[in-house]
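Below: one structure, written as structure tokens.
Fair warning: this is a prediction, and the values are worked out from it, not measured in the lab.
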Amino acid sequence: MSKQKNISKIRNIGIMAHIDAGKTTVTERILYYTGKSYKLGEVHDGEAIMDWMQDEQDRGITITSAVTTCEWNESVIQIIDTPGHVDFTVEVERALRVLDGAIGVFCAVGGVEPQSETVWRQADRYSVPRMAFINKMDRTGADFFAAVDSMIQKLHANPVMIQVPMGSEDRFAGVIDLINMQQICWNDESLGAQFTISDIDGEYADLALEYRERLLEALSEVDDTIMERYLGEEEIPSQDLIAAIRSATIARKIVPVLCGSALKNKGIQPLLNAVELFLPSPKDVPPIKGIHPETGEEVKFLPEKNGPLAALIFKVSMIEGRKLSFARIYSGKLESGSEVFNPALNRTEKLSRILKMHANKRERIDQASAGDIIGIVGLKDSGTGDTLCSQNFPAFLEKMEYEAPVISIAIEPKTHADQEKIDNVLEKFTIEDPTLKVSRDEETGQTILSGMGELHLEIIISRMHKEFNTHVNVGSPQVVYREVVTAPARGEAVFEREITGKAHYAKVAIRLMPLERGKGVSFISETTPEQIPEQYVAAIETGIRESLEGGFLKGYPLVDVEIVLESGAFEEGRSSELAFSVCASMACKNALNSTKIALLEPIMSVEVFVPDAYMGDAISDLNARGGRVESINPKAGIQVIKAVVPLSRMFGYSTAIRSATQGRGTFSMQFSKFDRV
């Protein structure tokens with residue numbers, strides 16, 4: 001990388017927002033004005049560079065987070081464009097884990113929308129400093145100040161306007177820079193590449209003075225030096241304001257707000273300047289912490305090229321059948337052809353190539369160092385969330401945790417040729433996406449695909465067809481249930497059989513006890529080594545746990561149960577681990593035969609956002625679905641209804657809420673708990 005000399009010049013940023021706020025268009029403009037692309041890609045034409053996947057182009061939405069690198073002034077800006085749809089929040093989660101800063105893009109008409117709140121909360125969890133860009137200032141109904149207000153109301157953020165717009169809707173002409181007290185207007189003929197900076201027109205003079213005053217007030221509250229000079233009515237130079245804004249942004253005390261219209265090519269260059277001026281470099285954020293795999297001690301990695309290696313794999317993609325790992329290097333450097341240590345596997349892996357990423361285009365480089373976000377080819381077994389380090393300085397960087405899948409479909413291959421490909425294709429998808437789970441229904445022989453939502457699974461099926469030419473028949477979505485025992489039960493079994501000329505013998509008696517919701521499966525042995533030797537107890541536990549996985553009533557996993565091994569018998573020379581494992585499974589089935597078993601279903605926590613006029617319709621629809629409304633909160637003309645609803649009743653809800661509210665209602669949904677059907 002040509003400007004890789006200085007880590008303090010690197011900006012690792014994400015662009016995050018609600019679906020349709022225009023974040024991919026913002027990224028496309030950034031690439032155009034930084035000279036990374038030579039034409040403007042439009043999402044609605046299916047030509048956006050960052051939405052390179054066929055499904056993204058067809059649907060006009062972002063599905064996978066794409067990584068790109070561009071240069072602006074003195075800085076190297078590495079950007080991750082993240083999805084906005086709730087089904088792909090894991091992509092946002094992975095990106096935020098490795099970013100130093102982020103730009104929240106909001107629509108000037110819609111302001112803060114439900115999914116913006118979700119990604120904002122995720123960014124809070126990872127303590128990511130942010131700026132905001134109010135986009136679509138040219139649209140009918142655009143209201144910059146209302147959008148900023150919605151950030152205070154809904155995100156509890158502290159937005160500080162460093163720009164105000166010159167007009168709005170079809171009269172949006174440019175922006176006023178409140179730091180330098182100048183106006184910036186773009187030249188439409190140059191596709192926004194050329195702009196003029198001039199003194200503020202008379203009609204905007206009062207507006208500029210009013211909001212400059214507000215900017216100084218806001219900075220006074222977070223910066224003592226600015227406060228002293230402001231109260232003393234001193235003139236504060238632009239450089240001092242910039243320094244104050246930078247330190248307050250990095251400390252997450254304020255969120256600088258800019259505006260523009262990405263589609264009309266207005267407002268992007270000042271946004272890039274603000275990224276360089278206000279968002280942190282790897283040196284400005286706290287050093288990453290890891291845990292030593294043997295001692296359990298905490299270790300810190302400073303962002304230094306010559307420090308010990310620490311890199312985190314935050315995403316794995318299968319591109320053209322080859323595994324590409326995306327990694328953020330926090331410390332040290334990686335060289336092409338070198339070996340790295342993976343403490344999770346407790347072995348070394350070899351890097352064959354290091355790539356600088358530009359969406360789906362790649363450029364080979366010989367080495368990369370602290371602060372870089374890169375692609376790696378050649379890692380056979382390392383997966384998402386794994387750490388790469390050196391063997392003499394090992395550490396686990398924080399593991400990533402994912403929500404459990406909540407919706408399943410049954411798939412089966414259409415032809416014999418598809419049958420041969422399907423396992424291989426699904427394996428590639430599960431490596432790429434940890435929230436996708438594949439299992440097999442032993443009774444029906446069907447392959448079960450489980451994911452985060454209807455759109456998530458729909459895209460997987462579509463990609464199987466488009467990228468791998470694999471065709472499947474899809475069964476209607478099935479909800480993933482659980483089973484529980486409702487009362488204590490006992491069971492015993494004797495296993496006595498000759499297998500391949502050798503006698504096997506075991507006797508086991510167990511007791512099953514129901515546990516509280518969410519307690520999982522626990523195992524206790526009350527036997528002595530004289531009854532059952534220690535080595536067979538582990539085989540008994542394995543046999544029982546495996547038999548509970550297959551369930552009993554409908555084949556769903558059996559949970560929230562305590563297994564007590566009461567007694568058993570063995571015979572020297574005839575008993576074996578195999579005999580005890582099979583015998584324990586038989587005893588478990590006998591116990592389950594003698595008790596009642598109930599089904600648990602996934603209950604979703606649902607937030608519905610509807611205009612006041614439609615609240616009654618929305619509530620009656622939730623009631624009809626067996627939901628329970630927990631709270632209703634008014635927020636600026638919109639009612640936020642929080643409810644818990646069984647997942648099985650939520651299919652098709654997005655269509656229902658849109659038609660009931662003339663397209664103005666939205667909702668977000670996430671797994672809450674399992675409860676009795």
Do [X] and [Y] make a side-chain contact, defined as non-hydrogen atoms from C-beta onward lying under 4.5 Å apart?
{"X": "I329", "Y": "I374", "value": "yes"}
{"X": "I641", "Y": "V610", "value": "yes"}
{"X": "I176", "Y": "Q182", "value": "no"}
{"X": "L209", "Y": "M181", "value": "yes"}
{"X": "V164", "Y": "L178", "value": "yes"}
{"X": "D223", "Y": "S247", "value": "yes"}
{"X": "L219", "Y": "E217", "value": "no"}
{"X": "C70", "Y": "I30", "value": "yes"}

To the nearest 0.5 Å, how far apart are [atom1] in [X] and [atom2] in [Y]?
{"X": "Q239", "Y": "L277", "atom1": "CD", "atom2": "CG", "value": "8.0 Å"}
{"X": "F172", "Y": "M166", "atom1": "CZ", "atom2": "CE", "value": "9.0 Å"}
{"X": "L99", "Y": "N12", "atom1": "CG", "atom2": "CG", "value": "7.0 Å"}
{"X": "I242", "Y": "E276", "atom1": "CD1", "atom2": "CD", "value": "10.5 Å"}
{"X": "Q183", "Y": "S198", "atom1": "CD", "atom2": "OG", "value": "4.0 Å"}
{"X": "I313", "Y": "S325", "atom1": "CD1", "atom2": "OG", "value": "4.5 Å"}

Give a yes or no on whether the backbone of [Y] and the side-chain of [X] come within a donor-acceptor separation of less than 3.5 Å.
{"X": "R246", "Y": "L279", "result": "yes"}
{"X": "Q78", "Y": "G371", "result": "yes"}
{"X": "K154", "Y": "V112", "result": "yes"}
{"X": "N158", "Y": "K253", "result": "yes"}
{"X": "T387", "Y": "L397", "result": "yes"}
{"X": "R364", "Y": "I354", "result": "no"}

Under the rule for ring pair (Phe, Tyr, Trp, His ring centres under 6.0 Å), what residues qualify as partners of [X], not counting sequence neighbours?
{"X": "F133", "result": "none"}
{"X": "F144", "result": "none"}
{"X": "F145", "result": "Y211"}

Which heavy atom in [X] sits nearest to a heavy atom in [Y], and how many Å separate them?
{"X": "V26", "Y": "L271", "value": "CG1-CD2, 3.9 Å"}
{"X": "S331", "Y": "F301", "value": "CB-CB, 3.8 Å"}
{"X": "P165", "Y": "L207", "value": "O-CD2, 4.0 Å"}
{"X": "L312", "Y": "G385", "value": "CD1-O, 3.7 Å"}
{"X": "V98", "Y": "Y330", "value": "CA-OH, 3.4 Å"}
{"X": "R130", "Y": "T249", "value": "O-CG2, 3.7 Å"}

Practice item. For V160 and V257, run side-chain contact (heavy atoms from CB on, under 4.5 Å): C-alpha distance rounded to whole Å, both residues' side-chain angles, the deciding distance at 0.1 Å, then the answer. Key: CA-CA 6 Å; V160 172; V257 183; 5.9 Å; no

Mind checking what makes salt bridge (charged side-chain N to carboxylate O under 4.0 Å, His left out) contact with [X], not counting sequence neighbours?
{"X": "R125", "answer": "E93"}
{"X": "D149", "answer": "none"}
{"X": "E304", "answer": "none"}
{"X": "K264", "answer": "D138"}

Review point. Please walk me through it: do K289 and V299 pass side-chain contact (heavy atoms from CB on, under 4.5 Å)?
Key: CA-CA 6 Å; K289 292 173 184 165; V299 279; over 6 Å; no

Exercise for review: Inspect the contact between K333 and D372 and indicate whether a charged nitrogen and a carboxylate oxygen are less than 4.0 angstrom apart.
Suggested key: no

Point to revise | Lys/Arg N to Asp/Glu carboxylate O, K642 vs E607, below 4.0 Å | key: yes

Which residues satisfy the side-chain contact (heavy atoms from CB on, under 4.5 Å) test with [X], sequence neighbours excluded?
{"X": "T140", "value": "E169"}
{"X": "D188", "value": "K266"}
{"X": "P280", "value": "D100, P129, I250, D284, V285"}

Exercise for review: Using the test side chain to side chain donor-acceptor pair (under 3.5 Å), find all partners of S220 that sit at least two apart in sequence or belong to another chain.
Suggested key: none

Check your understanding: Step by step, would you call I657 with F609 a side-chain contact (heavy atoms from CB on, under 4.5 Å)?
Key -> CA-CA 10 Å; I657 191 69; F609 301 78; over 6 Å; no

Revision key, fill the gap. Paired with C185, the side-chain contact (heavy atoms from CB on, under 4.5 Å) test is passed by just one of I197, T196, D201, namely T196

Any donor-acceptor N or O pair under 3.5 Å, side chains [X], [Y]:
{"X": "Y230", "Y": "E213", "value": "yes"}
{"X": "W72", "Y": "Q269", "value": "no"}
{"X": "D177", "Y": "Q163", "value": "no"}

Review point. Is R29 positioned over the aromatic face of Y33, cation under 6.0 angstrom from the ring centre and no more than 45 degrees off axis?
Key: no

Exercise for review: Please collect all ring-ring contact (aromatic ring centres under 6.0 Å, His included) contacts where either partner lies in residues 235-285, sequence neighbours excluded, each pair once.
Suggested key: none

Review point. For atom NZ of K283, is the number of surrounding heavy atoms from other residues, nucleotides or ligands below 6.0 Å larger than 12?
Key: yes

Check your understanding: Hey, mind stepping through N6 and S8 against side-chain hydrogen bond (donor to acceptor under 3.5 Å, both in side chains) and telling me if it holds?
Key -> CA-CA 5 Å; N6 192 341; S8 64; 2.7 Å; yes

Exercise for review: Kindly indicate, with the supporting measurements, whether the criterion side-chain contact (heavy atoms from CB on, under 4.5 Å) is fulfilled by L258 and I103.
Suggested key: CA-CA 10 Å; L258 299 90; I103 302 171; over 6 Å; no

